[in-house]
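All remarks here apply to the structure that follows.
Since this is a predicted model, take the numbers as computed values, not measurements. In what follows, residues are counted from 1 in the order of the sequence shown.
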Amino acid sequence: LTPTAITCMALLALQFGIQPILVRKFTPQTINRSSVVLIQEVVKFGIAGSMYWAGTGKEKRVKDFEGWSIKTWITLAGLPAFLYTIQNISSLMAYQNLEALTFNVL
């Protein structure tokens with residue numbers, strides 16, 4: 001393994017261990033969980049979209065979206081997106097109600 005890979009794995013392990021503690025400390029129990037998850041998803045969508053937009057040319061984007069419609073998009077991405085949203089809400093609830101060690105072991 002390269003030093004960069006080891007550093008990245010160590011940082012990921014640190015983030016994995018600290019995240020439940022930070023979420024529990026900085027998100028009150030009374031917060032609207034669905035709003036938090038919605039904002040997270042909007043930010044992720046914006047970051048991914050801007051990376052895609054900056055990394056591809058116009059011809060590539062036109063080719064990528066050929067044959068797509070709203071119905072196709074909902075059919076292919078709707079169910080996984082819904083399930084991922086439920087998972088995020090459940091994770092946030094677990095972060096707020098479980099000790100960090102318990103959350104990470106489960």
From CA spacing to verdict: side-chain contact (heavy atoms from CB on, under 4.5 Å), V36, N32: CA-CA 7 Å; V36 172; N32 187 346; over 6 Å; no
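- Looking at K63 and E66, no side-chain N of the basic residue comes within less than 4.0 Å of a carboxylate O on the acidic one, giving no salt bridge.
- Among pairs with a residue in residues 15-64, none fulfils ring pair (Phe, Tyr, Trp, His ring centres under 6.0 Å), at least two apart in sequence or across chains.
- Note that the CD1 atom of I89 and the CG atom of L38 stand 9.5 Å from one another [nearest 0.5 Å].
- A donor-acceptor pair under 3.5 Å is formed between the side chain of R24 and the backbone N or O of L98.
- For T75, the side chain to side chain contact (heavy atoms under 4.5 Å, CB included) partners are K71, not counting sequence neighbours.
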L83 and Q87: CA distance, side-chain angles, deciding distance, side-chain contact (heavy atoms from CB on, under 4.5 Å) verdict: CA-CA 6 Å; L83 294 174; Q87 178 185 4; over 6 Å; no
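- Once rounded to the nearest 0.5 Å, the distance linking CG of L1 with OG1 of T7 reads 11.0 Å.
- In this structure, CE in M51 is found 11.5 Å from OG1 in T56, a value given to the nearest 0.5 Å.
- Within the model, atoms CD of E99 and CD1 of I21 stand 9.0 Å from one another, a figure rounded to the nearest 0.5 Å.
- From M9, atom CE reaches atom OG1 of T4 across 10.5 Å, with rounding to the nearest 0.5 Å.
- Sorted by first and then second residue, the pairs that involve residues 75-101 and meet ring pair (Phe, Tyr, Trp, His ring centres under 6.0 Å), not counting sequence neighbours, are Y95-F103.
- Using a 4.5 Å heavy-atom threshold, the side chains of I47 and V43 count as touching.
- With hydrophobic clusters built from ILVMFWY side chains whose heavy atoms lie under 4.5 angstrom apart, I70 shares a cluster with L76.
- Hydrophobic clustering of Ile, Leu, Val, Met, Phe, Trp and Tyr side chains at less than 4.5 Å, counting indirect connections, unites I31 with V23.
- For the pair Q29 (side chain) and Q96 (backbone), a donor-acceptor distance under 3.5 Å is present.
- The backbone N or O of W68 lies less than 3.5 Å from no partner atom in the side chain of T72, so there is not a single donor-acceptor pair.
- To the nearest 0.5 Å, atom CZ of residue R33 and atom OG of residue S91 are 12.0 Å apart.
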Derivation and outcome, side-chain contact (heavy atoms from CB on, under 4.5 Å), residues L92 and Q40: CA-CA 11 Å; L92 181 57; Q40 287 175 345; 5.8 Å; no
